[in-house]
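What you see below is based on every heavy atom in this structure, not just the backbone, and it leaves out hydrogens, waters and symmetry mates.
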Amino acid sequence: MSITQQLATELGARTNQIEATIALMDGGATVPFIARYRKEITGGLDDTQLRTLHQRLAYLRDLEQRRQSILEQLKSQGNLTPELESALRDADNKARLEDLYLPFKPKRRNKAQEAREAGLQPLADKLLQPGSDPQKLALGYINTECGINDPEAALEGARFILLEQLTESADLIGQLRTLLWKQGELQVRAARGKADPDSKFRDYFEYSEALAKIPSHRALAILRGNQEGILKYSLQLPENTRQNPPELIANHWRLRLASCSPWLQATLGLCWDKKLRPQLETDLIRQLQEQASDAAISVFGRNLRDLLLAPPAGARATLGLDPGLRTGVKVAVVDPTGKLLECATIYPHVPHKRWRESLDTLSTLCRRHKVSLIAVGNGTASRETEQLAKELATREKDLQMQTLLVSEAGASVYSASALAAEEFPELDVSLRSGISIARRLQDPLPELVKIDPRSIGVGQYQHDVDQTALAQSLDSVVEDCVNHVGVDLNTASRELLARVAGLNRTTADNIVQYREQNGRFEDRQQLLKVPRLGPKAFEQCAGFLRIRDGRNPLDNSAVHPESYALVRRIAQQLGCKPDQLLGNTELLRKVDVEALITPEYGRYTIADVLRELEKPGRDPRPAFRSVNFDDQVQTLNDLEPGMQLEGVVTNVTNFGAFVDIGVHQDGLVHISQLADRFVSDPHQVVQSGAIVLVRVVEVDVARRRIALSMKSAPETGQTAAAPERSVRQSKPEPQQPVEGSLADKLRAAGLVKGR
């Protein structure tokens, strides 16, 4: 099966769809561009399918390259038989390919090679024959010149040969690998002298679980514990396993284990214990780690997508407050476009207690700049600062200011970055975070793209996964989100522009420089005047860049310039001007789609254009809504079982969701408490940023752990929560091992650090 055929089978698509899509990708087309503007060619493959195709294409091409390399090696060795070549060409994964190549792979000089040089290969062959007597056979192979001085030395050498020979069959390795994966148990214990009862890994000091059933978060916890020297593990088959590995080895080589000599039986046991089991354990632990890593990366990507696509509060003058105690509250006022207007530092809390003075300062700033939004970072002293902001809003009622808590995850990273230093060279590092907090309330997407996604804090064991794969996955998520929403060409930062399909850091810099030198862009065609932005880059990026109040109204829509002619044809068909189509649903319903279809414009393109004309320049993100924390609940001591509270989901993991209820410590809604029905994937019920109604189940003040539930309240039968999207964002990732069993619900609640 060719790569194209295999991808078509995996994606459930036609071969010609895959061939056309691969050609687009090889030609430099980006996934967002292909997904949005080349549906006719791809048959409507969406961005998720295209990302999967892109990843699998890279894997299969690597596999094919390795296959060809092995074939070349075997040809040069003279070992390539028709049967082996057929098996190599049929291998559909890298493990099978390497298993087939193993017997022929160049090896360093070892004891098996030394035994062969001493003439012991015939002895090894005879020892496999039924009814053989090892001691008698060995007498004929004593060779003092080669160090074979007695029968025991001859048998030892023959055993080295058999240990290599009997363990290099690809079919046998594959059979045992499957057996160990399906039936094997990972047995974990504390390393010697490391059984500290207060260790975060204490739940794994005496632990075992079927390898294939270990969830990703537990697998990563065990592997982290092993890496830190706290845990030891081994992969074993249960005692009641029907298939005995030494017997499987014997059967594969057409030997009857019961008829083998005790010496050969011991050798077959060593084949398993000393060669195959350790080798397969290494392979399968790597496989477990890869699967767990992939699952964790997937969770991270989904949380990041929800975070980046959180609804914006809008273009309004905003006061950003970065809470603090001893160092004070950092204040920043930005205008509706996010431009910094003024900064300050106030000291309303202990030990300074300048509450009235702080209110006066904030009142002056808000009146001077006509502030209508107050963004309060959710770090230390956030609820106290929120009270200050609410008192300010009450004091200045005529400004009608709205106060909201905003996640400050990653704000400090941005503040100390070279980017922030370039953007605000005159400001102290501590003051920059207030600007970031204010801007991410106005519109989270353009502000969060300035921060490394790994610093935003919506991951699960993010430091334990493949960092290259994580970075690639998160970059893809950011790219998809930016292009899904679209970018204002005249206001976007370099960082945001660099995420647009077809652009990079250089072309983004050139766009900003052109804008500074020549003023705002009036139409998309001006992009072709930007240095190093040629026709190919224009094709990729133009549809994702918006120009408000430009010469052509279509430039503020997702209609690609290549389809402007189609819009003119639609207007001609309806007897109106193109700009009269915008937002005119009644008129657009009269379009005769069949009459518009040409080789250049198919049904997909026409449908997309009509949809965009109906709501030109629409923001695909949901409407903004904020969470309302209970003013009477400020700390863990205020919580009581049975309380119904509104909160915001800060992180979704494979074992549940963490919810901020405004007490400086997230609570855990375990997966078993997410809904009245069985939930296999928490993302089916909640997402990062969702506003939910939860019920307090249990509070452990000493250990700062909160157990929450979204199930129906027993006494009312009403569902506790209905997820909605919110501007709220996430906190740092869980950093400790997590158990998914019922006994571990409360323990898992301590994974997110308090503010």
Side-chain angles (χ1 to χ4, degrees), residues 46 48 209-210 212-221 291-292 294-307 309-311 458-461 622-623 625 627-628 639-661 666-699 705-726 728 730 733-734 738-752:
D46 61 30
T48 301
E209 187 170 3
K213 296 182 179 180
I214 300 177
S216 62
H217 59 276
R218 282 211 286 272
L220 292 172
Q291 290 187 3
D294 289 344
I297 290 172
S298 176
V299 168
F300 201 147
R302 290 162 77 174
N303 286 340
L304 179 63
R305 183 182 299 274
D306 292 338
L307 184 61
L309 295 181
V458 287
Q460 175 188 354
Y461 290 92
R625 184 194 168 202
V627 64
N628 293 314
L639 293 175
E640 294 180 5
M643 278 184 169
Q644 297 269 356
L645 299 169
E646 191 172 271
V648 60
V649 177
T650 59
N651 203 1
V652 182
T653 69
N654 287 336
F655 52 85
F658 290 95
V659 178
D660 179 2
I661 53 176
D666 285 359
L668 173 69
V669 183
H670 189 266
I671 189 171
S672 63
Q673 295 293 316
L674 282 172
D676 293 330
R677 58 182 174 83
F678 172 75
V679 177
S680 59
D681 178 5
H683 285 92
Q684 297 172 347
V685 181
V686 292
Q687 57 189 0
S688 292
I691 296 174
V692 294
L693 187 65
V694 296
R695 186 174 69 257
V696 178
V697 176
E698 189 170 343
V699 183
R705 293 178 179 177
I706 310 165
L708 304 171
S709 177
M710 287 171 52
K711 282 187 170 183
S712 298
E715 64 276 9
T716 65
Q718 296 179 349
T719 301
E724 291 189 45
R725 290 296 302 274
S726 161
R728 291 300 311 281
S730 179
E733 64 152 345
V738 178
E739 289 299 312
S741 65
L742 294 177
D744 298 311
K745 294 176 193 173
L746 293 180
R747 184 178 301 116
L751 296 179
V752 173

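- Taken to the nearest 0.5 Å, the CG atom of N628 stands 7.5 Å off from the CD1 atom of I691.
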How far apart are the C-alpha atoms of E698 and L708, what are their side-chain angles, what is the distance that settles it, and do they pass the side-chain contact (heavy atoms from CB on, under 4.5 Å) test? CA-CA 7 Å; E698 189 170 343; L708 304 171; over 6 Å; no

Could you check V685 against R677 for side-chain contact (heavy atoms from CB on, under 4.5 Å), going step by step and ending with a plain yes or no? CA-CA 10 Å; V685 181; R677 58 182 174 83; 3.8 Å; yes

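- Considering CZ of F678 and CD of Q684, their distance stands at 8.5 Å, rounded to 0.5 Å.
- At least one side-chain heavy atom of S216 sits under 4.5 Å from a side-chain heavy atom of N654.
- Under the 3.5 Å distance criterion, with hydrogens and angles disregarded, a donor-acceptor pair is assigned to the side chains of N303 and S688.
- Taking each heavy atom of A219 and A292 in turn, the nearest pair found is CB-CB, 4.0 Å.
- In this structure, the side chains of T650 and V659 stay at 4.5 Å or more apart for every pair of heavy atoms.
- In this structure, the side chains of L639 and L645 come closer than 4.5 Å at one or more pairs of heavy atoms.
- The CG atom of L309 sits 9.0 Å away from atom CG of L304, with the distance rounded to the nearest 0.5 Å.
- Between R695 and E646 no salt bridge is recorded (no basic side-chain N to carboxylate O distance below 4.0 Å).
- Annotation: side chain of V694 is not in contact with side chain of Q644 (no heavy-atom distance under 4.5 Å).
- With rounding to the nearest 0.5 angstrom, the CG atom of L674 is 11.0 Å from the CZ atom of F655.
- In terms of heavy atoms, S672 sits closest to K711 at O-CE, 2.9 Å.
- Rounding to the nearest 0.5 angstrom, the gap separating the CD1 atom in I661 from the CE atom in M643 is 9.0 Å.
- For D681, the salt bridge (Lys or Arg N to Asp or Glu O under 4.0 Å) partners at least two apart in sequence or on another chain are R302.
- Counting heavy atoms from C-beta on, the side chains of I706 and D666 never come closer than 4.5 Å.
- The closest side-chain heavy-atom distance from V692 to V648 is not below 4.5 Å.
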Does the side-chain contact (heavy atoms from CB on, under 4.5 Å) test come out yes or no for E640 and V696, once each step is laid out? CA-CA 7 Å; E640 294 180 5; V696 178; over 6 Å; no

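- In this structure the side chain of H683 reaches within 4.5 angstrom of the side chain of V299, judged on heavy atoms.
- Between atom CZ of residue F658 and atom CG of residue L668 there is a gap of 5.0 Å, rounded to the nearest 0.5 Å.
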